[in-house]
Q: 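Have a look at this one before I ask anything.
Ligands are counted one by one from 1 in listed order, and the atoms in each one are counted from 1 as well. The first residue in the sequence is number 1, and the count goes up from there. On a predicted model such as this, the values are computed, not experimentally measured, just so you know.
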Amino acid sequence: MVSLGITLLILSPFLLLLFFSFPILSLSFILLFLLSYLLIFCKSTSRHHRKLPLPPGSLGWPYLGETLQLYSQNPNLFFASKQKRYGHIFKTHILGCPCVMISSPEAVKFVMVTRANLFKPTFPASKERILGRQAIFFHQGDYHYKLRKLVLKAVMPENLKTHVSDVETLALQSLKSWENRSINTFQEMKMYTFNVGLLSIFGKDEYLDREELKQHYLTLEKAYNSMPINLPGTLFHKAMKARKQIAAIMSKILDCRRQRKEERNDLLGSFMSEKEALTDEQMVDNIIGVIFASRDTTASVLTWVLKYLSDNPKFLQAVTEEQESIVRQKEGTGEVGLTWADTKKMPLTSRVIQETMRIASILSFTFREAVEDVEYEGYLIPKGWKVLPLFRNIHHSPENFPDPEKFDPSRFEVSPKPNTFLPFGNGIHSCPGNELAKLEILVFVHHLTTKYRWSVLGPQEGIQYGPFALPQNGLPIRFLRKT
Ligand code: HEM
């Protein structure tokens, strides 16, 4: 721009002469000059970006990149060793895509919050087609904003308050069905979180055949990581058929609600609300999407809560005492069951859940894609490259959490530094369901610790990733009612 000023200064006597002699011609000349200058300026800026170095790191073998190194070991060892060698920002190449991995709170803020418009969420093609292209995860801008508002409306505390006793009934049913059995914790937790998910979506809708919907969803989820080949016999083909069945179930429910002109405070009610109603297709994609986002995530955290409580008897004792004191406070009041207010009297239990989410970091990272060439800290992140904020590295960095491998809920007595605690992400795509997730975990832990005990069966160490971090084999346990 400085050179534009100098050029204009040099040319100014000629321009003045030209202007007074041929005013229209000279105006066109000036406009043309400015336009071409702007074009050259923009080009040189992008060339300037091109001159920037890429972040340090290695891109590995052609096409394969470093995929084998990543998947032949615990992926966190790969991230940690790269971070140790190259620092908080490094490049690599996995699953056919060049990537930049970031692990400082500042870089996460840049990518997920302040310059989120430069980085769009990105998923494998099969996931996009199975969940449905109109699901919230795949969008930016106005449509995304509208969907977020509708989801948040359904799971805001005012609404959740009215669901506490129904969530409690579901927790009690699950726990009762485990009594005096050996169970796989994660598999059982998935049933509980599925039921809570359906409750938040459909309320207690009497027209819904929950079991039929669950069966179709289970067929669908088997294809999440499959090749998107729609030929008879493939998982993907079965998933596409299951989507149609789910759409048919939804269509019946929508008909009933429309005929009765029912206004409901559940998620479907929010999607159908008069002012901002979604199309039927958009509703199907987003309901499948919310089941996907809410079920395995919450079930994994709950599984880790059981694991860390049994590994740390001191905290199990303290949580049990906190929960028993709530039971005692209610005795003689005539109040039956937990209320929203009760869930706010569980500070120690809440810290145990926070610490569980930090240490377990069930989502080790997330994916974004640069929508244009971006400069960050003097490095170029080229357009089209994937950008992975590494949540687990941030949660396990001693700079953010001293003695990070120690399970210590008391560290949450003070708020963590900004952008260091990200179990629910951050920015415009952060988790809108976090209040619902916390509610269903707290209600579950209340009844778990006041009425039951459990012991872990088989090997107690080891983590599996699929894709969420989980205790080995989903944590098999022996589950007993307290006498
Ligand atoms: C403990 C359980 C949960 C965890 C750890 C969790 C974590 C996350 C994270 C990290 C993100 C952001 C991902 C990104 O930025 O790429 C996210 C997004 C999302 N979560 Fe959750 N989640 C949980 C439970 C739930 C529940 C119960 C719901 C139900 C409403 C839900 C609905 C969503 C939706 C719809 C999004 C996409 C938001 C958007 O793109 O704007 N999640 N979740």
Side-chain angles (χ1 to χ4, degrees), residues 102 108-109 111-113 116 119-123 127-128 131-132 134-157 159-160 163 167 170 189-190 192-202 266-268 270-271 285-305 350 353-354 356-369 386-392 394-395 419 421-445 467-470:
I102 52 170
V108 164
K109 185 176 169 197
V111 171
M112 302 185 78
V113 186
F119 302 94
K120 63 174 187 188
T122 159
F123 288 83
K127 211 160 241 166
E128 203 166 319
L131 291 175
Q134 312 210 49
I136 185 167
F137 319 100
F138 314 122
H139 294 270
Q140 300 272 74
D142 291 348
Y143 176 63
H144 173 258
Y145 178 74
K146 170 176 161 173
L147 285 175
R148 230 182 130 73
K149 222 170 69 183
L150 295 176
V151 175
L152 281 167
K153 188 172 145 204
V155 289
M156 64 185 175
N159 251 353
L160 289 180
H163 290 318
V167 172
L170 294 174
M189 287 297 186
K190 282 204 288 188
Y192 167 59
T193 54
F194 205 157
N195 287 330
V196 176
L198 293 185
L199 175 75
S200 68
I201 296 168
F202 298 104
D266 47 38
L267 185 65
L268 186 58
S270 176
F271 285 167
D285 290 3
N286 282 289
I287 277 169
I288 295 174
V290 165
I291 299 174
F292 161 74
S294 63
R295 192 190 66 158
D296 290 16
T297 46
T298 319
S300 311
V301 172
L302 271 162
T303 304
W304 281 110
V305 169
S350 299
I353 295 166
Q354 284 178 301
T356 299
M357 291 197 286
R358 180 192 70 82
I359 283 219
S361 293
I362 59 148
L363 259 106
S364 299
F365 54 85
T366 190
F367 281 98
R368 294 288 186 271
E369 185 182 309
K386 308 285 178 205
V387 179
L388 279 70
L390 300 179
F391 298 144
R392 174 175 284 266
I394 294 176
H395 290 165
N419 301 295
F421 184 54
L422 303 148
F424 295 109
N426 202 356
I428 49 170
H429 285 281
S430 67
C431 181
N434 72 88
E435 287 294 335
L436 172 63
K438 284 186 245 170
L439 173 71
E440 59 186 296
I441 298 172
L442 285 171
V443 168
F444 196 92
V445 170
F468 302 118
L470 266 182

Q: Is His144 in contact with ligand 1, taking contact as a heavy-atom separation below 4.0 Å?
A: yes
Q: How far is atom 16 (O) of ligand 1 from its nearest protein heavy atom, and which residue and atom is that?
A: Thr366 OG1, 2.5 Å
Q: Give, for atom OG1 of Thr193 and atom CG of Leu199, the distance between the pair rounded to the nearest 0.5 Å.
A: 12.5 Å
Q: If you have a sec, work out which protein heavy atom is nearest atom 1 (C) of ligand 1 and how many Å separate them, to one decimal?
A: Val301 CG2, 3.6 Å
Q: Judged by atom type as modelled, is there a donor-acceptor pair below 3.5 Å linking the side chain of Arg368 to the main-chain atoms of Lys120?
A: no
Q: Indicate whether the side chain of His139 and that of Gln134 have a donor and an acceptor atom separated by less than 3.5 Å.
A: no
Q: Which protein heavy atom lies closest to atom 4 (C) of ligand 1, and at what distance to 0.1 Å?
A: Phe424 CE2, 3.6 Å
Q: For Pro121 and ligand 1, answer yes if some heavy atom of the residue is under 4.0 Å from a ligand atom, otherwise no.
A: no
Q: I need the nearest protein heavy-atom contact for atom 2 (C) of ligand 1: residue, atom name and distance, please.
A: Thr298 OG1, 3.5 Å
Q: Less than 3.5 Å apart, any donor N or O on the side chain of Arg148 or Ser430 sitting next to an acceptor on the other?
A: yes
Q: Take atom NZ in Lys146; do more than 12 heavy atoms of anything else shown fall under 6.0 Å from it?
A: yes
Q: Just to confirm my output: which protein heavy-atom neighbour is closest to atom 12 (C) of ligand 1, and how far is it?
A: His429 O, 3.3 Å
Q: Which residue owns the protein heavy atom closest to atom 32 (C) of ligand 1, what's the atom, and how far is it?
A: Ala293 CB, 3.5 Å
Q: For Phe365 and Phe367, I'd like to know if the aromatic rings sit close, meaning centre-to-centre distance below 6.0 Å.
A: yes
Q: Applying a strict 4.0 Å limit to heavy atoms, is Met112 in contact with ligand 1?
A: yes
Q: So which heavy atom in the protein is nearest atom 30 (C) of ligand 1, and how far is it from that ligand atom?
A: Gly433 CA, 3.7 Å
Q: Report yes or no: does Ile428 have a heavy atom closer than 4.0 Å to ligand 1?
A: yes
Q: Taking the minimum heavy-atom distance to atom 23 (C) of ligand 1, which of Leu302, Thr297, Leu363 ranks first?
A: Thr297
Q: Nearest protein heavy-atom contact for atom 15 (O) of ligand 1: which residue, which atom, what distance?
A: Arg368 NH2, 2.8 Å
Q: Would you check if the side chain of Trp304 reaches a backbone N or O of Ala469 as a donor-acceptor pair within less than 3.5 Å?
A: yes
Q: Name the option, out of Ser294, Ala135, Ser300, Pro432, that contains the heavy atom nearest to atom 35 (C) of ligand 1.
A: Pro432
Q: If you measure from atom 10 (C) of ligand 1 to every heavy atom of Pro423, Cys431, Gly427, Ser430, which option wins on shortest distance?
A: Pro423
Q: What do you reckon, is OH of Tyr145 surrounded by more than 12 foreign heavy atoms closer than 6.0 Å?
A: no
Q: Does a side chain donor of either Ser350 or Lys438 reach within less than 3.5 Å of an acceptor in the other side chain?
A: no
Q: Is Asn159 reaching over with its side chain to a backbone N or O of Met156, donor-acceptor style, under 3.5 angstrom?
A: no
